[in-house]
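Reviewing the structure listed below.
Keep in mind that what you see is a predicted model, and the values were worked out from it rather than measured. Labels below follow one simple rule: chain letters A, B, ... track the order of the sequence lines, proteins then strands, and each chain is numbered from 1. Hydrogens, waters and symmetry mates are skipped; everything else that's a heavy atom, side chains included, is used.
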Amino acid sequence: MRLIVTEKDSAARKIADILGGKVTVKEHGRGRQKVRSYHFGYKDDDAVAIGLRGHVMETVFPNTYRRWSLKYLGDMIETPDLAWVVDGGAAGTLAALRSVAKGATEVVIATDYDREGELIGHEALEILRGDALKRHPHDKPEKKKKAGAAVRGKAAAAPPAEPPADDGDPRVKAMLPAAAVDRHIRVRYSALTREEVEAAFAKPSTVDFNLAEAAHSRQDIDLIWGAVLTRFMSLAAYRYGADYLSVGRVQSPTLRLVVDRELERRAFVPVPYWEIKATLTRGDDIVEVAHAKGRFDSLEAMETAFARAQADTAEVTAYKAEPRKVAPPAPFNTTALMSAASGGGVSPARAMRAAESLYLNGLISYPRTDNTVYPPSLDLRGSLEALAGWRPVATTAARLAKQGRYTPTRGKKRTTDHPPIYPVGVPKKELSGDQARVYDLVVRRFLATLLPAAVIEGQRVDIRIGHEPFLARGSRVASPGFLEVYEKFAAKRDRPLPALRPGDVLQVRDLHSESKETQPPSRYGQGPLIEKMEELGLGTKATRADIIQHLYDRNYVRDNPIEPTELGVALITAFDAAMKQAPVDISSWQMTAKLDDQMDRISEGELRRDEVVAESQDMLEQAWKLLDGHVADIRERIKGGVREDLTLGECKNCGGQVRVLRGKTGKRFAACVGKEGEEPKPAAEGERARRGCGQTFPLPQRGTITPTGKTCGECGWPEIKVVGAGGRGRPWVLCVDIDCPSKEKYRARTKKRDA
DNA sequence: GCAAGGTC
């Protein structure tokens with residue numbers, strides 16, 4: 001019997017469908033832990049395909065390091081004593097694997113065709129062979145659990161097939177004879193099409209253990225760095241428990257991008273400039289023109305030109321129209337889809353969730369991919385024929401389906417992991433919310449990649465007013481091409497000028513100058529940030545949206561476009577201050593670039609995992625020593641940052657600071673805490689001495705509260721902005737004064753509704 | 001209570 005192990009259930013099912021005639025599905029376990037296996041006949045033998053759920057092993061520290069203490073950090077760096085063990089959450093999967101592996105004579109590793117897929121394949125072999133550790137070898141065996149005891153987490157649902165008793169052997173019991181595992185076969189496919197899967201099985205190979213080691217080194221380094229620096233920062237700043245300060249190879253450089261941009265904005269000095277604009281008419285035609293020079297750097301130069309442009313009429317001196325081709329966009333990979341969705345108001349984290357549901361419902365292909373080139377094996381026509389049944393794009397899809405050949409666009413990234421994201425089905429019921437938006441986007445992008453370029457006529461008219469040159473630009477869609485379905489930019493591209501010819505005369509309706517200032521660089525939106533991360537190699541297709549979400553959850557950033565909190569700024573600037581003498585790349589993206597380079601060398605057999613991890617430990621040791629010499633500074637910066645994040649503005653009564661505090665029940669409220677350095681007032685009997693004038697206000701209990709820096713026009717108390725978690729929803733601006741007259745209308749409305 | 005990477 002052949003045992004085929006894939007990385008996910010959908011791949012196991014698809015492979016069974018392609019290779020087998022009749023497929024029998026068996027279910028193992030219950031509820032969320034349910035695992036399916038697919039049984040079929042293949043080449044005169046039985047076969048079973050089963051999907052793991054991603055990684056089934058993980059890197060862990062021994063329990064001796066469980067306690068958070070600064071005195072362990074040196075040991076954690078120098079002798080991390082990491083072990084590679086079975087992931088506790090994978091118990092259900094492994095029980096199912098054990099049950100279907102029984103009697104297998106051949107093992108086929110069919111995990112994803114990328115670096116992590118290779119490691120997952122290696123994990124499966126370790127477990128099947130009985131080499132995998134159940135727990136860290138230096139940890140004591142866990143005590144037997146009482147039968148029927150309620151245990152939280154995934155492990156609880158493990159069926160009894162995996163013996164719960166610890167017989168002292170730290171290894172998982174072998175599922176197959178070593179010989180059968182050793183002569184395993186590795187198949188590699190980049191799309192789950194008949195053509196590719198059959199070709200993969202016809203050209204078997206073996207697991208690339210060097211490539212798997214490369215991924216394994218990343219796990220080790222990420223854990224050591226993450227654990228040591230997270231503990232150091234948290235302990236340095238006295239932020240324990242739920243408020244810990246996380247640090248990581250990917251999250252910290254990502255935070256740095258946001259913080260650096262904010263610091264640039266703060267350092268920005270605006271430069272004034274002027275523009276001259278005019279409105280011209282001819283009958284019903286209106287033309288808005290601007291001085292041909294664009295920006296005037298000096299007021300004098302602008303005024304001179306303005307004086308020379310005094311006239312009642314304007315004359316067209318030239319008119320040019322040039323067609324240019326606008327190429328259709330490349331197929332969607334994860335980043336491009338996230339970015340496009342973000343532009344349409346769906347955050348990357350939400351878009352990813354919606355895409356996941358669409359994929360599980362058979363509407364789009366696998367949503368985690370780097371690829372932007374359709375593999376030739378893809379059934380483009382099949383998708384088009386299906387889309388011909390989806391009303392919003394039916395005519396375009398039907399027309400394309402009849403076409404003989406396709407020359408789809410190609411992006412720069414061509415990878416082996418999965419095909420680009422494209423529609424594979426049509427919804428039976430109408431979709432709603434994020435899913436509707438993401439599906440619509442995927443469908444339109446797909447059709448766009450198969451449609452011809454758009455032809456846009458760019459227009460420019462030169463006009464003289466008085467003695468000065470002016471101009472206006474316009475554009476006209478000459479041939480819509482892909483814009484037929486991908487109209488995102490079409491509106492902007494169809495702003496034609498009226499028909500004008502040299503010598504035409506127009507009336508000057510208005511001539512005015514505008515005084516402006518150069519603008520600081522703008523904050524990152526979630527879409528552009530995810531693109532920047534991809535460009536720098538930070539995170540992966542599957543993790544970038546989560547990493548950004550994590551920065552929100554840790555209160556390092558807020559709002560959208562993304563703004564760092566003072567805590568986020570303090571964390572990054574504290575690092576930098578400590579690293580001044582001897583910079584170590586601990587919070588920069590170059591650290592990842594270097595790791596990538598070393599992983600490539602491991603996969604080529606030039607370096608070993610332990611060498612790369614050892615080098616990384618040396619680097620961390622240097623960084624830690626520098627940080628350790630700056631504990632007090634780091635503490636002060638972070639405390640200051642947090643205090644600033646909680647300070648809403650000035651108290652109208654006494655000029656003190658209004659700050660967010662938490663009550664005994666955990667509810668937050670705003671209170672005047674007095675001026676900086678103010679002495680606490682003598683306390684009444686049985687009460688604590690307090691600073692400030694005693695003024696308090698209730699606050700909304702949900703969302704992130706940020707001061708706007710302004711005061712309310714009606715009541716004079718500080719104004720705040722409340723934004724949902726993760727930058728979701730529309731920000732709500734209000735003043736802290738609950739009795740402010742500006743709230744009358746709102747209150748009247750809600751009262752009526754509640755009544 | 002730590003990371004990032006898979007997947008649900």
Side-chain angles (χ1 to χ4, degrees), chain A residues 6-12 29 31-36 51-61 63 65-70 72-73 76-77 80 82 87 89-90 92-93 111-112 114-124 154 157 212 214-235 238-254 334 352-353 355-357 359-361 366-369 417-418 533 537-551 553-554 586-587 591-592 595-596 599 616 620:
Chain A
T6 68
E7 190 162 324
K8 44 186 161 272
D9 178 71
S10 63
R32 283 179 133 197
Q33 278 291 293
K34 187 155 65 186
V35 178
R36 291 190 178 85
L52 308 173
R53 296 140 183 259
H55 285 287
V56 283
M57 293 182 69
E58 61 179 343
T59 293
V60 292
F61 279 109
N63 278 337
Y65 292 139
R66 196 175 257 175
R67 237 175 72 83
W68 283 44
S69 162
L70 284 172
Y72 287 148
L73 292 188
M76 286 173 77
I77 297 169
L82 296 183
D87 191 316
T93 309
T111 47
D112 289 357
D114 57 18
R115 193 168 57 208
E116 295 294 328
E118 215 64 23
L119 178 55
I120 292 170
H122 187 188
E123 292 167 16
K154 295 174 185 176
H216 198 158
S217 72
R218 177 201 56 70
Q219 286 189 338
D220 290 356
I221 291 171
D222 282 348
L223 179 63
I224 301 174
W225 281 76
V228 168
L229 294 177
T230 294
R231 286 182 185 197
F232 176 83
M233 281 296 177
S234 302
L235 293 164
Y238 301 136
R239 301 259 302 192
Y240 317 124
D243 278 340
Y244 70 89
L245 298 175
S246 66
V247 177
R249 175 180 56 85
V250 178
Q251 58 168 285
S252 299
T254 304
T334 307
M352 201 63 229
R353 249 199 317 276
E356 178 73 25
S357 306
Y359 152 71
L360 290 173
N361 290 324
Y366 189 63
R368 287 181 276 271
T369 174
D417 55 352
H418 298 281
M533 289 174 77
L538 288 173
T540 71
K541 61 216 173 191
T543 60
R544 287 186 197 114
D546 292 340
I547 299 270
I548 294 176
Q549 189 58 46
H550 186 76
L551 297 180
D553 294 344
R554 290 258 62 85
I586 56 167
S587 67
M591 158 99 185
T592 286
L595 177 61
D596 270 326
M599 282 195 288
S616 174
L620 179 58

- Taking only N and O in the side chain of A:T59, is any of them less than 4.0 Å away from OP1 or OP2 of B:dA3? no

- Checking all strands, does A:G51 fall into the base, sugar-phosphate, or nothing category for heavy-atom contacts under 4.0 angstrom? nothing

- Starting at CG of A:L52 and ending at C1' of B:dC8, how long is that distance when rounded to a whole Å? 14 Å

- Centroid under 5.5 Å and tilt under 30°, A:W225 to B:dA3: no

- Atom pair distance, as rounded to whole Å: CZ in A:R36 and P in B:dC8: 11 Å

- Just checking A:R231: base, sugar-phosphate only, or nothing, at a heavy-atom cut-off of under 4.0 Å? base

- Item | Between P of B:dT7 and CG of A:D546, the distance in whole Å | 12 Å

- Item | side-chain contact (heavy atoms from CB on, under 4.5 Å) assessment of A:M533 paired with A:T254 | CA-CA 7 Å; A:M533 289 174 77; A:T254 304; 3.5 Å; yes

- To the nearest Å, how far apart are A:D220 CG and B:dG5 P? 14 Å

- Task: Could you check how far CG of A:D596 sits from P of B:dA4, rounded to whole Å?
- Result: 14 Å

- Message: From CG of A:D553 over to P of B:dA4, roughly how many Å is that when rounded to an integer?
- Response: 13 Å

- Query: Atom CZ of A:R53 to atom C1' of B:dG5: distance rounded to whole Å?
  - Reply: 17 Å

- Under 4.0 Å between a side-chain N/O of A:R249 and OP1 or OP2 of B:dG5, yes or no? yes

- Query: With nearest nucleotides of DNA chain B determined for A:R239 and A:V56 from heavy-atom distances, which residue corresponds to the more 5′ nucleotide?
  - Reply: A:R239

- Which part of the nucleic acid, if any, lies within contact of A:V247, taking any heavy atom under 4.0 Å across all strands shown: a base, the sugar-phosphate backbone alone, or nothing? sugar-phosphate

- Query: If you look at every strand shown and take non-hydrogen atoms under 4.0 Å, does A:Y366 touch a base, only sugar-phosphate, or nothing?
  - Reply: sugar-phosphate

- Message: Does A:Q251 reach a base, just sugar-phosphate, or nothing at all? Heavy atoms under 4.0 Å.
- Response: sugar-phosphate

- Message: For A:Y359 and A:A227, find the nucleotide of DNA chain B closest to each by heavy atoms; which residue's nucleotide sits nearer the 5' end?
- Response: A:A227

- Item | side-chain hydrogen bond (donor to acceptor under 3.5 Å, both in side chains) involving A:T111 - partner list, sequence neighbours excluded | A:R186

- Message: Under 4.0 Å, counting only non-hydrogen atoms across every strand here, what does A:D243 touch: a base, just sugar-phosphate, or nothing?
- Response: nothing

- Contact under 4.0 Å: A:T230 side-chain N or O vs B:dG1 OP1/OP2: no

- Would you please confirm or rule out a distance under 4.0 Å between OP1 or OP2 of B:dG5 and any side-chain N or O of A:T543? yes

- Item | From B:dG6, B:dA4, B:dG1, nucleotide with atom closest to A:W68 side chain | B:dG1

- Which of these nucleotides, B:dA4, B:dT7, B:dC8, is closest to any side-chain atom of A:D222? B:dA4

- Query: Taking only residues two or more places apart in sequence, or in another chain, which ones meet A:H122 in a ring pair (Phe, Tyr, Trp, His ring centres under 6.0 Å)?
  - Reply: A:W84, A:F209

- Item | Mutual orientation of the aromatic rings belonging to A:Y366 and A:H418 [parallel < 30°, tilted 30-60°, perpendicular > 60°] | tilted

- Compare the minimum distances between each of B:dG1, B:dA3, B:dG5 and the side chain of A:H55, then state the nucleotide with the smallest one. B:dG5

- Grab the CZ-C1' distance between A:F232 and B:dA3 for me, whole Å please. 18 Å

- Message: Using only atom types and a distance under 3.5 Å, with no angle test, would you say the side chain of A:T369 pairs donor to acceptor with the backbone of A:T334?
- Response: no

- In plain terms, say whether A:D9 and A:R53 are close enough for a salt bridge, that is, a side-chain N and a carboxylate O under 4.0 Å apart. no

- Message: Checking contacts here: which listed nucleotide (B:dA4, B:dG6, B:dT7) is nearest the side-chain heavy atoms of A:R368?
- Response: B:dT7

- Query: Within the structure shown, what part of the strands sits under 4.0 Å from A:G226 by heavy-atom distance: base, sugar-phosphate, or nothing?
  - Reply: sugar-phosphate

